[in-house]
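Just below is one structure, and these are the notes that go with it.
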Amino acid sequence: MLDDFLVRALIAGFGIALAAAPLGCLMVWRRMAFFGDATAHAAILGVALALAFDVAILFGVLGTAVAMAMILGSMSERTNGSDTQLAVMSHSALALGLVAVSFLQEVRFDLDTYLFGDILAVDRADLLVVWIGAALVLALIAWRWNPLLTATLNPDLAIASGINARREQLFLTLSLSLVVAVAIKVIGALLIAALLIVPAAAARPLSRTPEGMLVVTTVIAAASVGGGLWASALFDTPSGPTIICVAALAFVITSTLRRLA
Amino acid sequence: MSLIKAENISVHLGHHQALDHVDFSIDRGEIVTVVGPNGSGKTTLLRALLGAVAVQGKITRADGLRIGYVPQALSIGANLPLTVLRFLSLPKRRPKAKALAALDKAGVTGLGNRQMSELSGGQFQRVLLARALLDSPDLLILDEPTTGLDQPGSADFYRQIEVVRRDTGCAVLMVSHELHVVMSASDRVICLNGHVCCHGTPEVVASAPEYRALFGKGTNGALALYRHDHDHHHHGEASDHDHPHEAAE
């Protein structure tokens with residue numbers, strides 16, 4: 001069964017959708033969309049560094065994503081997450097990564113794979129990495145779910161309940177970096193943030209509780225992966241962008257339904 | 001023995017000294033109100049007692065002290081779907097019966113299935129109060145809990161606080177702008193302006209020259225349109241008063 005590239009693509013996509021759903025919800029609730037963008041963009045720099053120093057790309061990406069998320073985290077503590085600063089960091093990280101990659105002319109390397117992902121080229125080893133990463137992220141978020149939600153509402157409220165809001169932010173940051181690291185080959189640095197945010201945004205109008213929204217987000221993310229792969233085979237379009245298009249379509253439908261209701 | 005006691009605490013926020021050698025304590029069952037101009041460190045004092053900011057000095061809490069906290073102007077983003085009952089179960093799961101009882105106690109019976117974002121200002125503050133009451137706190141800390149409520153709404157809210165104190169015996173520490181309420185409902189008032197300007201029973205504070213310097217006289221507290229006198233000194237120290245004060249309310 002795993003010999004079929006479409007089956008492998010589906011399994012990899014579902015793994016990432018599963019891990020992306022709770023993270024995406026939390027990022028939508030915490031207004032961290034740009035934060036996710038910047039962390040994902042930093043991953044390209046991680047790819048370049050990993051190739052230059054001959055480290056596994058997974059660890060290069062993980063390292064830069066964590067570093068970026070830490071810098072952003074300390075910035076948002078002081079400035080309350082200024083839109084402009086996050087945008088500057090996000091675009092600069094991407095530009096720096098692209099410049100760094102250009103120095104690596106002796107390495108055979110397809111930049112497009114890391115920008116847009118290549119879900120159809122996923123092999124068995126990749127599947128293992130994706131699902132181990134997804135399981136880790138899910139375990140971490142499940143463990144910290146209630147404290148994270150409380151800290152999302154108000155840091156002081158969390159502290160009064162004995163929750164260390166900064167530590168919870170760290171858990172979230174680590175989970176995000178992990179998802180970026182395992183997803184970059186599958187969905188690409190430019191589209192990871194979209195897979196995080198769009199399904200969650202599409203789920204919002206259909207939800208009354210955080211957990212309800214999480215379930216709907218998971219369903220929409222998985223359906224986008226399935227529908228996107230099917231559509232990309234049918235219309236011969238690039239898989240990653242097609243998956244995001246399906247998620248965007250879901251967003252349009254649920255927002256319209258909400259307005260009509 | 002005090003529930004919580006702060007001795008000689010100072011807090012720096014960046015380059016700004018928000019609290020300057022402040023002493024504070026509250027006993028079981030007391031209602032203490034902190035008044036002061038904007039930027040006088042009222043919220044910082046509460047946050048210091050909660051452990052949310054780094055302080056110099058000593059804060060002693062009674063063993064096993066349970067604090068219920070009602071924050072100032074909590075805004076729940078439109079992107080977070082949250083029913084009142086789910087909110088009450090954060091971070092700890094609560095039995096539904098207990099959550100409903102807390103809503104009763106806070107005067108908002110039957111709102112359990114409403115979305116937090118659909119509540120009126122007064123309902124929202126009472127739901128926050130209900131959540132704070134769930135742990136049967138020894139000390140209830142409220143930071144300007146009636147911001148955004150109209151006069152009858154805030155009067156109702158403070159009456160609810162007195163009922164809660166009467167029924168549960170918890171101590172109440174609050175920050176308020178509404179001086180007329182402060183004067184009637186508090187056992188003790190602390191007038192803060194970076195340092196403690198004066199403190200004591202409402203009557204003592206109302207007649208203290210330091211208080212009058214901050215809030216003016218003869219307004220009966222209802223109109224706190226004041227000019228802040230920057231020249232008053234006490235305890236023989238030159239206080240850091242160079243932050244601007246806008247007249248409040």
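Per chain, numbering begins at 1; letters A, B, ... match sequence-line order.
A/Asn154 and B/Pro71 make their closest contact through ND2-CB, 4.1 Å (heavy atoms, listed as atom of the first residue, atom of the second, distance).
Distance CG/B/Leu50 to CG/A/Leu157: 9.5 Å, rounded to 0.5 Å.
Of the atoms belonging to B/Arg66, not a single heavy atom falls under 4.5 Å from chain A. Residue contact with chain B, scored on non-hydrogen atoms closer than 4.5 Å, is absent for A/Leu148. Heavy-atom distances place the backbone of B/Ala78, and not its side chain, under 4.5 Å from chain A. Both the backbone and the side chain of A/Arg208 have a heavy atom closer than 4.5 Å to some heavy atom of chain B.
Using modelled atom types, no side-chain atom of A/Arg31 and backbone atom of B/Asn79 make a donor-acceptor pair closer than 3.5 Å.
Inter-residue side-chain proximity for B/Pro81 and A/Trp29 is flagged as met; some heavy-atom pair is nearer than 4.5 Å. Between B/Arg131 and A/Ser161, the closest side-chain pair of non-hydrogen atoms falls below 4.5 Å. With a 4.5 Å cut-off on side-chain heavy atoms, B/Leu82 and A/Leu149 do not count as touching.
Of the listed residues A/Thr150, A/Val28, A/Ile163, the one with more heavy-atom pairs under 4.5 angstrom with chain B than any other is A/Thr150. The candidate with the highest count of non-hydrogen atom pairs below 4.5 Å against chain A, out of B/Pro91, B/Gly51, B/Gly77, B/Gly14, is B/Pro91.
Near-neighbour residues of residues 211-221 of chain A relative to chain B, defined by a heavy atom under 4.5 Å from a heavy atom of that chain, comprise A/Glu211, A/Met213.
Within 6.0 Å of the NZ atom in B/Lys98, the count of heavy atoms belonging to other residues, nucleotides or ligands exceeds 12.
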Start with the C-alpha gap between B/Leu46 and A/Asp156, add the side-chain angles, then the distance that decides, and say whether side chain to side chain contact (heavy atoms under 4.5 Å, CB included) holds. CA-CA 10 Å; B/Leu46 299 196; A/Asp156 287 347; over 6 Å; no

Do A/Leu153 and B/Leu80 pass the side chain to side chain contact (heavy atoms under 4.5 Å, CB included) test, and can you show the C-alpha distance, the side-chain angles, and the key distance before you say yes or no? CA-CA 9 Å; A/Leu153 289 177; B/Leu80 177 56; 3.7 Å; yes

Apply side chain to side chain contact (heavy atoms under 4.5 Å, CB included) to B/Lys92 and A/Asn146, showing your working. CA-CA 7 Å; B/Lys92 262 185 287 180; A/Asn146 275 317; over 6 Å; no

